[in-house]
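Chain naming here is simple, since letters A, B, ... match the order of the sequence lines and numbering starts at 1 in each. The figures that follow rest on heavy atoms only: side chains count, while hydrogens, waters and symmetry mates do not.
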Protein chains: 2
Amino acid sequence: MNHQVLNNLDLTSLLSLSFSASINELHDRLSELGFGDIRPVHGFLFKCITPNGATGIELAEHLGITKQAVSKMVDYLEKSGYVMRRTHPTDKRGKIIVLTERGWLVMKTKEEIIAEIEKRWIENIGAERMQMLKEDLSSLIHEANEDKSLSKVRPVW
Amino acid sequence: MNHQVLNNLDLTSLLSLSFSASINELHDRLSELGFGDIRPVHGFLFKCITPNGATGIELAEHLGITKQAVSKMVDYLEKSGYVMRRTHPTDKRGKIIVLTERGWLVMKTKEEIIAEIEKRWIENIGAERMQMLKEDLSSLIHEANEDKSLSKVRPVW
DNA sequence: AAAATATAGTCAACTTGATTGACTATATTT
DNA sequence: AAATATAGTCAATCAAGTTGACTATATTTT
């Protein structure tokens, strides 16, 4: 697949391919660094947990899946050592899910890798174009979600 | 989620959200127009079938899934009236999967919707910025896949 | 030409990550 | 105080993928 072909793709396909490329690079690097048990969806979950923890239902809404599915995901992440269930400070029905030290480590590592990727891309297209790219993508997301509620940030399709 | 928040997201998250927004809008519109039985992955399959049909193995490589999974997907799409299995002209082991009239109709409809979406986005950010956006995304994809083979266009994560 | 090997597709059994429904314990509203 | 709503979990099911086994046809080797 060469540059010429790419230029003729519609925007949706370009977004799909570029997202795919970046998320794959991120997780390949995470794997190399010993975080092979983390999947992309976990990153979206961690983002909602930080900085102060979150309840299962908050996570479910954030990810756009059921609370039962979140419960299983948390089982897995707890077993793998990334999160802990704490009793909720005020609501005895609830629990609050927080990151362990390893959870914080993977977040920090992820940010470093993403910074590396962005840096390489800036070298490629220049800082101004990168800034414009981010602004334009933000506008598009903003505009597309004007009407809807949008608290779900999980990229489902 | 407001504009300010979006501007502070990393590029990977922005790509995820914008892809998600566009693919969701596309499929919401397709649903309204009576194509509610089509999922995003089917679009990637159709793209490989057109214009001259494709074998199961070609589709499997294109999508990055097994030939058995493709076979099931084709079962579904054949039952739903979008594709047909034809005997392969030269290889009696093989079959060639082609679009039905309804298959062509959904492709045409899809292109119209995508054109609408792009048009609206051009009204939003301007034609020049849209052109730059596409160029930059193309560069990024191109650069990210320099080393790899990349014939898979399915956005897996 | 015959035999050995490779390839295209399908069937069946299994895995994974989601779903819906039922339940317990605690909160909130009436 | 009673009725209802909410947070979380357990169990059964579903959907979309996987691996492994098989048939029929092609291709390669001897």
(request) State whether the side chain of B/Thr50 and the backbone N or O of B/Phe46 hold a donor-acceptor pair below 3.5 Å, judged by distance alone. (result)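 The answer is yes, because a donor-acceptor pair under 3.5 Å joins these two groups.
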(request) Examine distances only and state if a side-chain atom of B/Ser80 and a backbone atom of B/Tyr76 form a donor-acceptor pair shorter than 3.5 Å. (result)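 Answer holds: yes.
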(request) Could you identify which residues of residues 83-99 of chain B place a heavy atom less than 4.0 Å from some atom of DNA chain C, listed by residue number, or say none? (result) B/Arg85, B/Arg93, B/Gly94, B/Lys95
(request) For DNA chain C, find the residues of residues 67-75 of chain A with a heavy-atom distance under 4.0 Å and give them by number; none if there aren't any. (result)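 Within residues 67-75 of chain A, the residues near DNA chain C are A/Gln68, A/Ala69, A/Lys72, A/Met73.
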Rounded interatomic separation in angstrom, taking [atom1] from [X] and [atom2] from [N]:
| X | N | atom1 | atom2 | value |
| --- | --- | --- | --- | --- |
| A/Leu59 | D/dT6 | CG | P | 18 Å |
| B/Lys79 | D/dA16 | NZ | C1' | 13 Å |
| B/His42 | D/dA15 | NE2 | C1' | 11 Å |
| A/Leu45 | C/dA18 | CG | C1' | 15 Å |

(message) Looking at A/Lys119 and A/Glu112, is there a salt bridge between them, counting it only when a charged N and a carboxylate O are closer than 4.0 Å?
(response) no
(message) Taking B/Asp10 first and then A/Lys110, would you say they form a salt bridge - that is, a charged N and a carboxylate O separated by under 4.0 Å?
(response) no
(request) State the CG-NZ distance between A/Asp136 and B/Lys134, to the nearest 0.5 angstrom. (result)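 A/Asp136 CG to B/Lys134 NZ: 13.5 Å, rounded to 0.5 Å.
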(message) So that I can compare with my own list, what are the stems of DNA chain C, taken as at least three consecutive Watson-Crick or G-U pairs with distances under 3.5 Å?
(response)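 Detected stem regions: C:1-30 with D:1-30.
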(message) For a quick test of reading the model: is some side-chain N or O of B/Arg39 closer than 4.0 Å to OP1 or OP2 of D/dA16?
(response)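 Yes, within the criterion.
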(request) Ignoring backbone atoms, test whether A/Thr66 places a side-chain nitrogen or oxygen under 4.0 Å from the OP1 or OP2 oxygen of C/dT19. (result)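 Yes.
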(message) Using a 6.0 Å cut-off, check whether atom CZ of A/Arg86 has over 12 heavy atoms from anything other than its own residue.
(response) no
(request) If a pair satisfies salt bridge (charged side-chain N to carboxylate O under 4.0 Å, His left out) and one of its residues is in residues 66-76 of chain A, list it, with sequence neighbours excluded. (result)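 Qualifying pairs, neighbours excluded: A/Asp75-A/Arg85.
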(request) Indicate yes or no: at least one non-hydrogen side-chain atom of B/Ser18 is less than 4.5 angstrom from one of A/Phe19. (result)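 The answer is no; the side chains never approach within 4.5 Å.
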In residues 29-38 of chain A, what donor-acceptor pairs under 3.5 Å come from side-chain atoms, sequence neighbours left out?
from	atom 1	to	atom 2	distance (Å)
A/Arg29	NH1	A/Glu32	OE1	2.9
A/Asp37	OD1	A/Tyr82	OH	2.6

(message) side chain to side chain contact (heavy atoms under 4.5 Å, CB included), that's the test. Do B/Leu137 and B/Leu15 meet it? Break it down for me.
(response) CA-CA 10 Å; B/Leu137 292 177; B/Leu15 290 172; 3.7 Å; yes
(request) Could I get the full list of salt bridge (Lys or Arg N to Asp or Glu O under 4.0 Å) partners for A/Glu111, not counting sequence neighbours? (result)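 Not a single residue meets the salt bridge (Lys or Arg N to Asp or Glu O under 4.0 Å) criterion with A/Glu111.
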